[in-house]
Amino acid sequence: MCAVSAADFNLHEVRRLCHWGPVIALSVIAICSTMAILDSIIWYWPLDTTGGSINFIMLLNWTVLILYNYFNAMFVGPGYIPLGWKPENQQDTQYLQYCRVCQGYKAPRSHHCRKCNRCVMKMDHHCPWINNCCGHLNHAYFTSFLLLAPLGCSHAAIIFIMTMYTQLYERISFGWSTVKIDMSAVRQFQPLMPFSVPAFAATLFALGLALGTTIAVGMLFIIQMKVIIRNKTSIESWIEEKAKDRIQHYQTGEDFIFPYDLGSRWLNFKQVFTWSGTPKGDGLEWPVHPKCHQHTLTIEQLKQKADKRVRSVQYRAVEDYNGACCPLSKGLQTFFRTPCTEEPRIPLNKGETILATRGTKWWMYGDKVLSEEQIIGGDRVRGWFPRRCVEKCHYDTAASDSTSDKKVN
């Protein structure tokens, strides 16, 4: 029985590779690595000089380290809150949000991921490139991958540039108004592998991939390091911003202190990166600021959730919508201005009610109002939908219900 469940689990993990994110990421790694190795043979044959040997070993080292951290980030995973989890002290449940899908409470710093369909420990974000969440257990692997990928691609880019330069140097002739490249020109030293027109095109393509990866992934690494040295996640940075906005909007006079910043960048750094590779903590309890406690952030989240219900605006669907990502039938602007996110789109039927919480000029995001049976069953339907498909209700029951609740309390 255990063997069968373990096999199913392993099969599920392997299936993570069958997604556009890992396919593209591994393709870029394979193309850049393969072309860099081939061009190294052409440009700097490793068996002739010590420098060539070091260059070749470093190139292989980058590839191994990149793949090691990439697959660990994917398969180790972020760590999940046990299904049906409850705090040891029953009174602490009043400070925690309840997850209907996992049938348990969300531990501090955890969030439910709709893609993974589980509550994730110290969730930072769901990354499509690893087809998994970045969280407590794999944050160090993921960030290491973001560092190593630009370094490896920078090395590969240098190899591509030097290969093209050395191979084209004696094949270029300059005229008064023309520049000619003779790829059939005979060189004094014939490389082990010929550098033909297809090889030049492939090297140029790999150079574009390497430079693009260096810039894009390098920027993601900087973003990750900014939150790590403050012992935050991307989600917690957003919660902190909303906390400040809430305090300013209602003029409550509160002094919100982020509870997990230990006051030292080095101490914050060591919460994620350790010599053993395993981050500190069990993913359920965390070291906190002296002026805070374990539930400082979760209490703030509950306040923001209540404030979100107050500020939500009720809309009624006036057009049917099938949930398409880019619905051409809803207008060109709606088609081209679709939100660039993996958040779901929700189909609408005429007459349905939605509580909208945010939006753009052409799209809105909100929760569909469900029946009592669906709510009891743990169903929740939320996502994006075209703004033109709904109209604002003249009598906003969401706001009035919130107001009446305040009066009763």
Side-chain angles (χ1 to χ4, degrees), residues 13-77 127-132 134 138-168 183 191-225 277:
E13 291 300 311
V14 172
R15 284 177 179 171
R16 292 189 184 279
L17 293 168
C18 303
H19 182 265
W20 63 265
V23 169
I24 294 176
L26 292 174
S27 297
V28 171
I29 294 172
I31 292 171
C32 290
S33 299
T34 303
M35 288 305 303
I37 291 172
L38 295 177
D39 283 0
S40 290
I41 296 174
I42 296 174
W43 167 58
Y44 209 174
W45 176 237
L47 300 182
D48 285 345
T49 63
T50 303
S53 300
I54 294 174
N55 172 70
F56 197 76
I57 292 172
M58 285 183 61
L59 185 61
L60 294 177
N61 183 59
W62 290 129
T63 304
V64 171
L65 288 176
I66 288 170
L67 290 175
Y68 172 79
N69 284 280
Y70 179 83
F71 285 123
N72 271 322
M74 178 186 292
F75 295 126
V76 169
C127 177
W129 304 111
I130 62 173
N131 194 21
N132 207 340
C134 174
N138 65 350
H139 204 171
Y141 291 121
F142 181 77
T143 308
S144 298
F145 166 73
L146 296 183
L147 171 64
L148 293 167
L151 292 177
C153 286
S154 298
H155 186 188
I158 294 173
I159 294 174
F160 298 147
I161 293 172
M162 293 306 300
T163 301
M164 289 189 292
Y165 173 76
T166 56
Q167 293 300 310
L168 297 178
M183 296 299 291
L192 187 66
M193 298 174 58
F195 192 74
S196 58
V197 174
F200 172 76
T203 300
L204 194 62
F205 176 71
L207 176 61
L209 287 180
L211 293 177
T213 301
T214 300
I215 296 171
V217 180
M219 292 176 63
L220 292 176
F221 171 73
I222 293 173
I223 293 172
Q224 282 297 311
M225 286 306 301

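Values below: all heavy atoms of this structure, side chains included; hydrogens, waters and symmetry mates excluded. These numbers were taken from a predicted model, which means no experiment stands behind them.
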Straight-line distance of [X] [atom1] to [Y] [atom2], nearest 0.5 Å:
X      : Y      : atom1 : atom2 : value
Ile159 : Leu38  : CD1   : CG    : 11.0 Å
Leu59  : Thr63  : CG    : OG1   : 5.0 Å
Cys153 : Ile29  : SG    : CD1   : 8.0 Å
Ile130 : Asn138 : CD1   : CG    : 5.5 Å
Met35  : Leu204 : CE    : CG    : 10.0 Å
Leu146 : Cys134 : CG    : SG    : 8.0 Å

Between [X] and [Y], which heavy-atom pair has the shortest distance, and what is it?
X      : Y      : answer
Asp39  : Phe160 : OD2-CD2, 3.3 Å
Cys32  : Ala210 : SG-N, 3.9 Å
Gly152 : Ile66  : CA-CD1, 4.4 Å
Gly77  : Asn132 : CA-ND2, 3.7 Å

Self-check item: Intermediate values then yes/no, side chain to side chain contact (heavy atoms under 4.5 Å, CB included), His155 and Leu151
Solution: CA-CA 6 Å; His155 186 188; Leu151 292 177; over 6 Å; no
Kindly say whether [Y] contributes a backbone atom to a donor-acceptor pair with the side chain of [X] at under 3.5 angstrom?
X      : Y      : value
Ser53  : Leu47  : no
Asn131 : Arg16  : yes
Thr166 : Thr163 : yes
Asn72  : Tyr68  : yes

Heavy-atom distance under 4.5 Å between the side chains of [X] and [Y], does that happen here?
X      : Y      : value
Leu220 : Gln224 : no
Ile37  : Leu60  : yes
Leu26  : Phe71  : yes
Tyr44  : Thr49  : yes

Practice problem: Pick out which of Tyr70, Phe145, Trp20, Phe142 makes a ring pair (Phe, Tyr, Trp, His ring centres under 6.0 Å) with Trp129. | Solution: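 Looking at Tyr70, Phe145, Trp20, Phe142, the match for Trp129 under the ring pair (Phe, Tyr, Trp, His ring centres under 6.0 Å) is Trp20.
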Quiz item: Can Leu17 and Met74 be said to form a side chain to side chain contact (heavy atoms under 4.5 Å, CB included), step by step?
Solution: CA-CA 9 Å; Leu17 293 168; Met74 178 186 292; 3.7 Å; yes
